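Below is one structure, written out as structure tokens; comments come after it.
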Amino acid sequence: MAKALTDKDKLENVFFKIVEYGAYLAMFAPLIFLKEYFFPFVVPKTIFFRVVVDLVFIAYIILAVLNQKYRPKITPLTIALTAFIAVLFLTALVGVNFERSFWSVFERMTGLLTFLHLFAFYVVLASVFQERKYWERILSVSIFVAILISLYTLTFNDPIHQSGGTLGNSSFLASYIIFNIFFAAILLVWKRGLWRIPLGLALALFIFLLFFNPVVITKGAVSSFLIGAVLFAAGFLFFSQNKILKKLSPAFLILMILLGVFIVKNFHFKDRPFSLLEIRDRSRQIVWQMGFEAWQERFWLGWGWENFNVPFAKYYKSELPFTGDAWYDRVHNVVLDTGVAGGIIGLLSYLSIFGVAIFALFKQILNLTRKDPVKSFQIDVLVPLALISLLIVYFLQNIWVFDMISSYIMFFMTLALIGFLIYPKEKQEKMQAVSLSAFAGGLLIVLTIFALFYGNIQPARASRAILNGIVLLLEQSLPAFQKAFTLASMAQFEAPERFSFRMAAFASTQDQNPELLISGFQSAEQELKNAISKNPGDVRLLMFLGKHSNIFYQITKQNEKLSQALDVLTKAQGLSPGNQQIVWELAQTKVYLGEFQEALSLAEKAVDMEPRLLDSHLIVIQVAKIMGDEDLARQKIEEAIKINPAWEQELTKLIESANIQ
């Protein structure tokens, strides 16, 4: 006869179910896309994940207080991950801007606050999901969500959704899909019977989408996946007990490599040169160089998480706008990104996570094959082998891109899964658990509730307010922006710039209320100043305050605005001497001041910085025309055409009606 459950047991079951189904719910985050938010592909899914994790974590704390078997165990993998999070905080504290490190920006939402939620997610999964059935369920949920996203991507007509689905970017989608390819493969090993049919179809769908994205094929992800596939095959052959396979293994590996190159060359990079080692994207090369130089300056502890904007400005290369993108907030390389943010200490702590996980998985494979070579090879060895390959693929593809919330969720869940495999329930029962008193649990719950409101609800409201400020009319736009600044501290990093842009757009249209327009310009100016006071090294903010002041001068004709523009732009130029965009805006200020010769000198300096950039030539020619020197204007046109004959028609057409605005 079954033993009757006590009230404590019933309460424990309730909170266990909240944790379990909350974890499944968190896996739907990549599917979330709400256009009512500023950065709709990023903010809603990040806020959704963090809110779910907050609620799950509160239930988990209660569960861990009720029953110590659910408390975190002190394992090498958990220690490595904890050390990495601790190093992130340390480097943020000694970095250039702790607030930015903690909050991040709306475009990314990957600050320390998000990492705390990811770490909490890992702790919950590693502590509660102690049986394989729970992992089968959560992997199935992830695969189901990935199927929905894949079908959405393949059937949607809009180019943005068609390339990245609900993730908005083909690179982020590819990274997310790679995880689910391996999850499907793992379940194919674990599951039996009819389950294998939908899993096989899902696996085929994911591989098809990875290799044949309707809009953009992600070269780094595909190349990394092929390397991972070869490594998995190598591991399969290495641990095989079949003598024939072992003898054929060298030829088989060579055949697989050649087949992979053939597929990539003829189907993936058709009519384009292919090389795994050579980077043909010049902009990426430039940013990597900038990142390396920045890392050398702060080699040990870096600039702080999310603070690449500061060294980016300092080491700005004038060639960058010519490549098509003038602003970067990431190095787009996991080694350099981590090195710039956390220095060598941060990089080593990050690499230690992979080292601990791969070493433990490899050790487990060796132990399994020694116990029962045939049976374990057929069943148990394939899963840790797949996870080793997944970690390698994930790391390699991040050499070309960076993580967002969807791939981070997959990564931290994978680490928890690895923990389950290498530290099974019977091992964990012998391990030391983290002590957790009722008082400590209560304190954690209070902090989580605080984070839920101020870290998630308020930023979400601020995101909606910023979007309203961008799209609404002047009368509604001003209070919307002002509301955003009062709701969340993280609005300081992007909202002032958007506010300024919006005021400039209103100034260029007729029938605006003059008093309200000036009030809006004053408010935007003040918010830019407030942001600069907290982020004195942010050249982008300084440049846009200078631009804002120039436009404000056009409305008010107040010379003090030009003095302000001159001051902040001169400061910005000192912080970022290679950025010709600042020089352009300085030339504009000089024109308004009537200092035409100095404006011309600045414009010519911008040309010298990067002669292949058309915009710099246009400004030189415009300044010459304003000066009334038609001969000089014609001379500059001829000089520009010599640099690039393709500009001739465009220059002629633009110059006839060109006036500096």
Side-chain angles (χ1 to χ4, degrees), residues 38-39 41-43 45-47 49-50 84-119 169 172 287-288 290-291 294-295 297-298 300-316 327-347 349-350 398 401-409 411-412 451 454-456 459 462-463 466 488-498 531-532 534-542 575-576:
F38 186 48
F39 288 109
F41 290 104
V42 179
V43 174
K45 56 173 55 70
T46 307
I47 294 295
F49 173 75
R50 295 196 319 207
F84 173 64
I85 301 296
V87 169
L88 286 188
F89 270 88
L90 173 63
T91 58
L93 286 169
V94 300
V96 295
N97 191 328
F98 179 79
E99 274 195 274
R100 188 181 175 102
S101 295
F102 184 80
W103 294 110
S104 184
V105 293
F106 286 109
E107 186 178 6
R108 303 302 181 200
M109 298 289 286
T110 50
L112 299 180
L113 180 62
T114 294
F115 272 92
L116 287 174
H117 283 79
L118 289 164
F119 182 66
N169 182 289
F172 303 151
V287 176
W288 285 10
M290 293 163 61
W295 182 11
E297 180 176 344
R298 292 191 173 215
W300 293 104
L301 291 173
W303 297 76
W305 199 254
E306 298 285 306
N307 285 326
F308 181 59
N309 59 311
V310 174
F312 171 81
K314 183 174 184 178
Y315 294 100
Y316 192 94
W327 296 101
Y328 282 82
D329 64 345
R330 294 288 190 280
V331 189
H332 289 73
N333 178 296
V334 66
V335 174
L336 291 174
D337 263 318
T338 311
V340 170
I344 190 64
I345 305 298
L347 178 60
S349 67
Y350 177 72
N398 269 354
V401 71
F402 53 89
D403 278 300
M404 292 292 282
I405 187 62
S406 298
S407 56
Y408 272 135
I409 294 171
F411 178 52
F412 277 75
Y454 289 103
N456 294 312
S463 172
I466 293 171
S489 296
M490 69 180 300
Q492 67 179 284
F493 302 113
E494 291 160 303
E497 181 185 319
R498 298 288 178 162
I532 290 169
K534 296 179 180 179
N535 310 276
D538 195 328
V539 168
R540 187 180 173 100
L541 285 173
L542 288 167
L575 293 171
S576 186

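From a predicted model like this one, the values you see are computed outputs, not experimental measurements. Computation of the quantities below employed the complete heavy-atom set of this structure, encompassing side-chain atoms and omitting hydrogens, waters and symmetry-equivalent molecules.
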Under the rule for salt bridge (Lys or Arg N to Asp or Glu O under 4.0 Å), what residues qualify as partners of Arg108, not counting sequence neighbours? Asp329

Search all heavy atoms of Val340 against all heavy atoms of Pro311 and return the closest pair with its distance. CG1-CG, 4.2 Å

Paired with Asn398, the side-chain hydrogen bond (donor to acceptor under 3.5 Å, both in side chains) test is passed by just one of Asp403, Asn333, Thr338, namely Asp403

Residues Val42, Met404; criterion side-chain contact (heavy atoms from CB on, under 4.5 Å); working and verdict: CA-CA 8 Å; Val42 179; Met404 292 292 282; 3.6 Å; yes

For this output row, return yes or no: ring centroids of Phe115 and Tyr408 closer than 6.0 angstrom. yes

Write down the atom of Leu575, the atom of Gly537, and the distance for their closest heavy-atom approach. CD1-CA, 4.4 Å

Quick one: does Arg50's side chain get under 4.5 Å of Lys45's, heavy atoms only? no

Looking at side-chain heavy atoms only, is the closest gap between Leu347 and Trp295 below 4.5 Å? yes

May I ask you to check whether Asn309 and Asp538 show a side-chain donor-acceptor distance below 3.5 Å? yes

State, yes or no, whether a side-chain contact exists between Leu336 and Phe308 at a heavy-atom distance under 4.5 Å. no

Given side chains that start at C-beta, do those of Tyr316 and Val539 come closer than 4.5 Å, heavy atoms only? no

Could you go through Phe89 and Leu116, starting from their C-alpha distance and side-chain angles, then the distance that decides it, and tell me whether this counts as side-chain contact (heavy atoms from CB on, under 4.5 Å)? CA-CA 10 Å; Phe89 270 88; Leu116 287 174; 3.7 Å; yes

Please report the shortest heavy-atom distance between Ala488 and Pro459, naming the atom on each side. CB-CA, 3.8 Å

Could you tell me whether the side chain of Trp300 reaches within less than 4.5 Å of the side chain of Val94, counting heavy atoms only? no

Give a yes or no answer on whether the side chain of Thr114 reaches the backbone of Met109 with a donor-acceptor pair at less than 3.5 Å. yes

Does Ala313 offer a backbone N or O that forms a donor-acceptor pair with the side chain of Ser576 under 3.5 Å? yes

Counting C-beta onward and ignoring hydrogens, is there a side-chain heavy-atom pair between Ile409 and Phe49 closer than 4.5 Å? yes

Please report the C-alpha distance between Asn97 and Val310 in whole Å, then the side-chain angles of each, then the deciding distance to 0.1 Å, and finally whether the side-chain contact (heavy atoms from CB on, under 4.5 Å) criterion is met. CA-CA 9 Å; Asn97 191 328; Val310 174; over 6 Å; no

CZ (Phe412) and OG (Ser407) are apart, to the nearest 0.5 Å, by 10.5 Å

Which pair of heavy atoms, one from Ile466 and one from Ala495, lies closest together, and at what distance? CD1-CB, 3.8 Å

Trp288 side chain to Val331 backbone, donor-acceptor under 3.5 Å: yes

Distance check, rounded to the nearest 0.5 Å: Phe39 atom CZ versus Phe106 atom CZ? 9.5 Å

Reported NZ-to-CH2 distance for the pair Lys314 and Trp303, which is rounded to 0.5 angstrom: 5.0 Å

With sequence neighbours left out, write down each residue that passes salt bridge (Lys or Arg N to Asp or Glu O under 4.0 Å) with Glu99, or none if nothing qualifies. none

Residues two or more places apart in sequence or in another chain: which of them pass side chain to side chain donor-acceptor pair (under 3.5 Å) with Tyr315? Glu297

Quick one: pull up CG in Asn307 and OG in Ser104 and give me the separation to the nearest 0.5 Å. 10.0 Å

Using the side-chain contact (heavy atoms from CB on, under 4.5 Å) rule, take Leu90 and Leu301 through it: C-alpha gap first, then chi angles, then the decisive distance, then the call. CA-CA 8 Å; Leu90 173 63; Leu301 291 173; 4.2 Å; yes

Could you tell me the separation between the NE2 atom of His332 and the CG atom of Asp337, rounded to the nearest 0.5 Å? 8.0 Å

So which heavy atom on Leu542 is nearest to which on Pro536, and how close? CD1-O, 4.1 Å

For Thr110 and Glu306, which heavy atoms make the closest approach, and how far apart are they? OG1-OE2, 2.9 Å

Side chain proximity check, Phe172 to Phe41, heavy atoms < 4.5 angstrom: no

Quick one: pull up OG in Ser489 and OH in Tyr454 and give me the separation to the nearest 0.5 Å. 10.5 Å

Counting C-beta onward and ignoring hydrogens, is there a side-chain heavy-atom pair between Glu494 and Phe38 closer than 4.5 Å? yes

